[in-house]
Number of protein chains: 2
Amino acid sequence: MSGARESDGEAQPWAEVTPDAARRLLVAAVEAFAERGYHATTTRDIAGRAGMSPAALYIHYKTKEELLHRISRVGHEKALEVLNTAARGAGTAAERLAEAVRSFVCWHAAQHTVARVVQYELDALGPEAWAEIRGLRRQVDAEVRGIIEDGVASGEFDVPDVRGTTLAVLSLCIDVARWFSADGPRTPDEVGALYADLVLRMVGAKQDASRPA
Amino acid sequence: MSGARESDGEAQPWAEVTPDAARRLLVAAVEAFAERGYHATTTRDIAGRAGMSPAALYIHYKTKEELLHRISRVGHEKALEVLNTAARGAGTAAERLAEAVRSFVCWHAAQHTVARVVQYELDALGPEAWAEIRGLRRQVDAEVRGIIEDGVASGEFDVPDVRGTTLAVLSLCIDVARWFSADGPRTPDEVGALYADLVLRMVGAKQDASRPA
DNA sequence: AGCCGGGCTAAGCGCCCGCTCAGCTTCGGC
DNA sequence: GCCGAAGCTGAGCGGGCGCTTAGCCCGGCT
């Protein structure tokens, strides 16, 4: 709600990356990593997409891995922010869960290029970078588990295995980044709505709670 | 049902790969690809794990990509076989869907090393190999969609969007290969059971249909 | 006007990649 | 006992990788 348009796509998600050339390199790296994977992408390819010489990359980033690290951190922060906004809003547990899944999935679909890198290139990170990212991922997990626990406590949900169900819900949402294509038949909003409904079913919520029609 | 033990793990899944040295190389490649990814794995690493010199690889396989292709095809065939056995058994749509998800998920968890390669290294394949694999993937999709359509037709399931729900169910199952770890708290069988339950909820099946207790 | 420093490039270093090839060993058929 | 084929190795080729360095350009301060 309130955001300019929902299907922003690639509007200006990297406004916080400050030198302009650094941002162009980072955007180029996201595209390349998403298309071919981190290890199959060369620094020459990244620099070429950004319209620069290979050496220019090393003025703004110490190594190729630092590029991945930056993408990964900013991407995780964005996804977490989207999730938190929905999770901490007002409403019943069912409403919050539906909105959390809807917006989280919508982001993974609309930003599937970034999301693909963020979710599937993690093991190219070194131990320190990975430790930092793992903290963000734990926050994501805790946020979703919190809503589900609320729903169980209030009697809205029927969930025998809270940790397992949380894992499954997040797994479902994250995997959107793998299969979603802008050329496909569904818009990010449609996928978000479908997934919100499916997740409410998974937790045994009363269906009429968030389906007005 | 009937199979020796459920959590076979790495029993002898590559019995059909005939020269013994070729099998050892293939098993080594599966391990290496699953750990580091296809592009980050070197032919020297594969040969080393198999206890051979780098050149030995090229006696049994034309290129490194052919190794991936072989792994991918055999892996997809195994997964499809597991799914088909369950999907084409007797029983209501709910029972068949539950058993299909249970065994498919169980395979992805127990064989998560292979499954990881099969599901996440696909885009390293060339166009011809990818076209072949895509055919197998379509069969997987059609099999699951068939059960869900049966359940809708018989009134067992309540599914507004069959294609979307099929996609979500398969996505959920496949993603198990990404997060499952043998060191984790759950056995493959436990994950299979949990997921079968969650999927029955997603399709709006009557819960008591397959829960004896 | 003169200079200084950051942004950028052309060139290239050292390394390791996928893959090849000549030659060695081994073993079944006669 | 000899031969040819198959399996395998040690050495190495061509090339592309991540990354560095010397030097150019240009805008801003004095």
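Residue numbers start from 1 in every chain, and the chains themselves are labelled A, B, ... in the order their sequence lines are given, proteins ahead of strands. Here the structure is a predicted model, which means the values were calculated and not measured.
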**Student:** Over how many whole Å does the gap from D45(B) atom CG to dC19(C) atom C1' extend?
**Tutor:**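 So the two atoms are 16 Å apart, to the nearest Å.
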**Student:** Of the candidate nucleotides dC8(C), dG10(D), dA11(C), which contains the atom at the shortest distance from the side chain of A56(A)?
**Tutor:**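 So the side chain of A56(A) is nearest to dC8(C).
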**Student:** Given Q119(B), which of R178(B), H108(B), H76(B) fulfils the side-chain hydrogen bond (donor to acceptor under 3.5 Å, both in side chains) condition?
**Tutor:**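 Only match with Q119(B) under side-chain hydrogen bond (donor to acceptor under 3.5 Å, both in side chains): H108(B).
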**Student:** Output yes when a side-chain donor or acceptor of E121(B) lies under 3.5 Å from a complementary backbone atom of Y38(B), and no otherwise.
**Tutor:**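 Such a contact is found between E121(B) side chain and Y38(B) backbone.
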**Student:** Is it true that D161(A) and R186(B) make a salt bridge, defined as a side-chain N closer than 4.0 Å to a carboxylate O?
**Tutor:**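 A salt bridge is present here (some side-chain N lies under 4.0 Å from a carboxylate O).
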**Student:** Measure the distance from CG on L57(A) to P on dG7(C) and round it to the nearest whole Å.
**Tutor:**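 So the CG-P distance, L57(A) to dG7(C), works out to 14 Å.
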**Student:** Would you kindly check if the NZ (Lys) or CZ (Arg) of K64(B) is within the cone defined by 45 degrees around the ring axis of Y58(B) and under 6.0 Å from the six-membered ring centre?
**Tutor:**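 Verdict for Y58(B): no cation-pi partner in K64(B).
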**Student:** In this structure, how many angstroms lie between the C1' atom of dG18(D) and the CD atom of E66(A), rounded?
**Tutor:**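 The answer, rounded to whole Å, is 14 Å.
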**Student:** Considering only side-chain heavy atoms of M52(A), which listed nucleotide, dC8(C), dA10(C), dG18(D), is closest?
**Tutor:**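 Closest nucleotide among those given: dC8(C).
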**Student:** Quick test of your reading of the model: are R36(A) and D45(A) salt-bridged, counting only N-O distances below 4.0 Å?
**Tutor:**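 D45(A) and R36(A): salt-bridged.
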**Student:** Kindly say if Y58(A) contacts the phosphate of dC19(D), meaning a side-chain N or O under 4.0 Å from OP1 or OP2.
**Tutor:**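 So the side chain of Y58(A) is within the cut-off, an N or O lying under 4.0 Å from OP1 or OP2 of dC19(D).
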**Student:** Rounded to the nearest Å, what distance is computed from the NE2 atom of residue H39(B) to the P atom of nucleotide dC17(D)?
**Tutor:**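 Computing the H39(B):NE2 to dC17(D):P distance gives 12 Å.
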**Student:** Quickly work out the I59(B) CD1 to dA22(C) C1' distance and round it to whole Å.
**Tutor:**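 Between C1' of dA22(C) and CD1 of I59(B): 13 Å.
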**Student:** Starting from the 5' end of DNA chain D, give me the residue, P54(A) or H60(B), whose nearest nucleotide shows up first.
**Tutor:**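 Its nearest nucleotide being more 5', the pick is H60(B).
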**Student:** What integer distance in Å separates R23(B):CZ from dG7(D):P?
**Tutor:**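 The distance from CZ of R23(B) to P of dG7(D) comes to 14 Å, rounded to the nearest Å.
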**Student:** Rounded to the nearest Å, what distance is computed from the CD atom of residue E65(B) to the P atom of nucleotide dG18(C)?
**Tutor:**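 Distance check: E65(B) CD to dG18(C) P gives 13 Å.
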**Student:** Using a heavy-atom cut-off of 4.0 Å across all strands, would you classify T42(A) as base, sugar-phosphate, or nothing?
**Tutor:**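 T42(A): backbone/sugar contact only, no base atoms under 4.0 Å.
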**Student:** Map G51(A) and R44(A) onto DNA chain C by nearest heavy atom, then report which one ends up closer to the 5' terminus.
**Tutor:**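 Nearest-nucleotide comparison on DNA chain C picks G51(A).
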**Student:** Whole Å only: how far is the CG atom of L67(A) from the C1' atom of dG18(D)?
**Tutor:**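 In whole Å, dG18(D) C1' lies 13 Å from L67(A) CG.
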**Student:** OP1 or OP2 of dC19(D) versus the side-chain N and O atoms of T43(A): is any pair under 4.0 Å?
**Tutor:**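 For T43(A), the contact criterion (side-chain N or O under 4.0 Å from OP1 or OP2 of dC19(D)) is not met.
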